[in-house]
Amino acid sequence: MPNAKDTMQALRWHAAKDLRIDTIPRPKDPGANEVQVAPEWCGICGSDLHEYLVGPVLAPAPGKPHPLTGEEPPLTFGHEFAGRIKSVGSSVTDLQVGQKVFIDPVIADKSCYMCTQRSAPNACEQLGFMGLSGAGGGLSEAVNVPADRVYPLPDEIDTDVGALIEPISVAWHAVALSGFQPGQDALILGAGPIGLATLLSLKAHKRSAGGQGRILVSEVSNSRKAMAKSFGADNVLDPTQTDVIAECKKICDGVGPHVTFDCSGLQVTAQTAIRAVRSGGTAMNIAIWETEVHFNPNELLLAEKRYLGAICYTPKDIREVIEAMRNGRIEIEEARKMITKKVALKDGVKGGFEELVANKDKHIKILIGTGN
């Protein structure tokens, strides 16, 4: 019978609708260039929810291990997490036991075109994620992580807010890639976790222009409309009651916003993102899609609009988000409002995943605590 010190609890994905709290081996001592982290808080991402409901989507399928981790289900879940360092490898000199840290979960091959020529590991040809593709995850009591993917948190950032760095970095990257400039107007379609993270990111950029530029949000849920208003959206539009495209033109100099961000991933939001953006503007897709989308390319062609996708984040984005939180461009207590519920690991399936399925509009981000 294994020693209790050699095992730990982890929330693992076995298949669609099959998440379990399993007892699994505790990680061995970290390698020379690794640290062992005790996760404290981990967020449930929309991609986690997709896997729970209809997976595998991004997770490897049974019998088809991920090319970089070599793992297949069951897999420890959790890629939005922060915690404290428990031990460090022999070659790690810039990290210390007890430090609060955020973990970059991106797994890249470091050899493909995007990794070597574009410095974009987030778009690696064999992209994977800790907590989704194998290599352990944040919904466990301990995990070994390469030291170069560990980011110390300043005193101002607690580990619950630290778990929000991942989704905010997704939004921050999209804003950077869009070419958005301080003082410009923007429309966000959907005020879920990524939509609100985009709002926080745009506000951080807006502060650089002394508050100029308007941020509009389109949302149907009453609770999420209220959240968007509390986060400082200049205009919140309900597409069931308002012609969003016409209203955007009316508000934004008669021509529409400079940039739109589709954070919903629906046929109607994709079309609205393209049609609402002004001529010469950029429509960004941040959503993960479950189905194909159809649109007329002439809507881009005739007005020289751009349609771009943004995936994840780069190390630069993570550093900038942490610094924006430290210096107040992203207000920590405002970011904390994204957290709508906290549950213990043992209650993660019912109190976390099933709660999100049953009451999605009620929540923005549910955090699961490991008890560390």
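- Side chain of Asp158 to main chain of Asp160: no donor-acceptor pair is present (N/O by atom type, distance under 3.5 Å, no hydrogens or angles).
- Judged by distance alone, the side chain of Lys365 and the main-chain N or O of Ile44 form a donor-acceptor pair under 3.5 Å.
- For the atom pair CD1 (Ile245) and CG (Leu237), the distance works out to 11.5 Å, reported to the nearest 0.5 Å.
- Looking at Ile286 and His173, their side chains never come closer than 4.5 Å, going by heavy atoms from C-beta outward.
- Looking only at distances, a side-chain donor or acceptor of Glu219 sits under 3.5 Å from a matching main-chain atom of Ser221.
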Criterion salt bridge (Lys or Arg N to Asp or Glu O under 4.0 Å) on Lys250 and Asp243, from CA distance to verdict
CA-CA 11 Å; Lys250 179 180 176 182; Asp243 184 332; over 6 Å; no

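- Side chain of Ser264 to main chain of Leu266: no donor-acceptor pair is present (N/O by atom type, distance under 3.5 Å, no hydrogens or angles).
- Using modelled atom types and a 3.5 Å distance limit, the side chains of Asp262 and Thr269 yield a donor-acceptor pair.
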Derivation and outcome, side-chain contact (heavy atoms from CB on, under 4.5 Å), residues Lys17 and Leu53:
CA-CA 6 Å; Lys17 301 290 183 67; Leu53 293 173; 3.6 Å; yes

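- Of the possible donor and acceptor atoms, one in the side chain of Glu51 sits under 3.5 Å from a partner among the backbone N and O of Ala59.
- Considering CH2 of Trp41 and NZ of Lys342, their distance stands at 4.5 Å, rounded to 0.5 Å.
- In this structure, Lys249 places its NZ atom where only 12 or fewer heavy-atom neighbours from other residues, nucleotides or ligands lie under 6.0 Å away.
- Proximity of a side-chain donor or acceptor of Gln36 to a complementary backbone N or O of Asp29 within less than 3.5 Å is not detected.
- Looking at heavy atoms from C-beta onward, Asn122 lies out of side-chain contact with Leu127 at the 4.5 angstrom threshold.
- Both Val106 and Ile165 sit in one connected hydrophobic cluster of ILVMFWY residues. Membership requires side-chain heavy atoms under 4.5 Å apart, directly or through other members.
- Taken together through direct or relayed side-chain contacts under 4.5 Å among Ile, Leu, Val, Met, Phe, Trp and Tyr, Val220 and Val217 form parts of separate hydrophobic clusters.
- Connection of Leu196 to Leu356 is established within a shared hydrophobic cluster, with ILVMFWY side chains joined at heavy-atom distances below 4.5 Å, either directly or through further cluster members.
- For the pair Glu40 and Arg84, the minimum side-chain heavy-atom distance is below 4.5 Å.
- Looking at heavy atoms from C-beta onward, Gln126 lies out of side-chain contact with Cys112 at the 4.5 angstrom threshold.
- The side-chain heavy atoms of Val92 and Glu34, taken from C-beta on, include no pair separated by under 4.5 Å.
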Salt bridge (Lys or Arg N to Asp or Glu O under 4.0 Å) between Lys341 and Asp347: does it pass, once the steps are laid out?
CA-CA 12 Å; Lys341 185 179 181 182; Asp347 301 317; over 6 Å; no

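- Shown here is Arg118, whose CZ atom has no more than 12 heavy atoms of other residues, nucleotides or ligands within 6.0 Å.
- Side chains of Thr23 and Gln9: a donor on one and an acceptor on the other come within 3.5 Å.
- What you find for Gly162 and Ala82 is that their closest heavy atoms are C-CB, 3.8 Å.
- At distances below 3.5 Å, at least one donor-acceptor pair connects side-chain atoms of Arg329 with backbone N or O atoms of Ala204.
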The test is side-chain contact (heavy atoms from CB on, under 4.5 Å); show your working for Ser119 and Lys316 and say whether it passes.
CA-CA 10 Å; Ser119 298; Lys316 178 176 181 288; over 6 Å; no

Hey, mind stepping through Glu156 and Met325 against side-chain contact (heavy atoms from CB on, under 4.5 Å) and telling me if it holds?
CA-CA 8 Å; Glu156 296 89 341; Met325 286 184 169; over 6 Å; no

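- A heavy-atom distance below 4.5 Å is found between the side chains of Pro121 and Pro315.
- Looking at Arg278 and His258, their side chains come closer than 4.5 Å, going by heavy atoms from C-beta outward.
- Aromatic ring pairs are classed by plane angle as parallel below 30°, tilted from 30° to 60° and perpendicular above 60°; the pair Phe77 and Trp13 is parallel.
- The CZ atom of Arg319 sits 10.0 Å away from the CG atom of Asp104 when rounded to the nearest 0.5 Å.
- Between the side chain of Lys203 and the backbone N or O of Glu331, no donor-acceptor pair lies under 3.5 Å.
- How far CD1 of Ile366 is from NZ of Lys360: 12.0 Å, rounded to the nearest 0.5 Å.
- Between Pro182 and Lys206, every side-chain heavy-atom pair lies at or beyond the 4.5 Å cut-off.
- A distance of 5.5 Å separates CD1 in Ile188 from OG1 in Thr198, rounded to the nearest 0.5 Å.
- To the nearest 0.5 angstrom, Cys263 atom SG is 7.5 Å from Leu189 atom CG.
- Cluster annotation: Ile311 is connected to Val321 through the hydrophobic network of ILVMFWY side chains, with a link wherever side-chain heavy atoms come within less than 4.5 Å.
- Thr69 contributes no side-chain N or O that, together with a main-chain N or O of Ala135, makes up a donor-acceptor pair within less than 3.5 Å.
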Given Asp253 and Arg214, is the side-chain contact (heavy atoms from CB on, under 4.5 Å) satisfied, shown in steps?
CA-CA 11 Å; Asp253 306 320; Arg214 290 152 293 201; 3.4 Å; yes

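- Remark: side-chain polar atoms of Glu299 are not paired, donor with acceptor, to backbone N or O of Asn296 under 3.5 angstrom.
- Met284 and Val277 fall into different hydrophobic clusters, where Ile, Leu, Val, Met, Phe, Trp and Tyr residues are linked whenever their side-chain heavy atoms come under 4.5 Å apart, directly or through other members.
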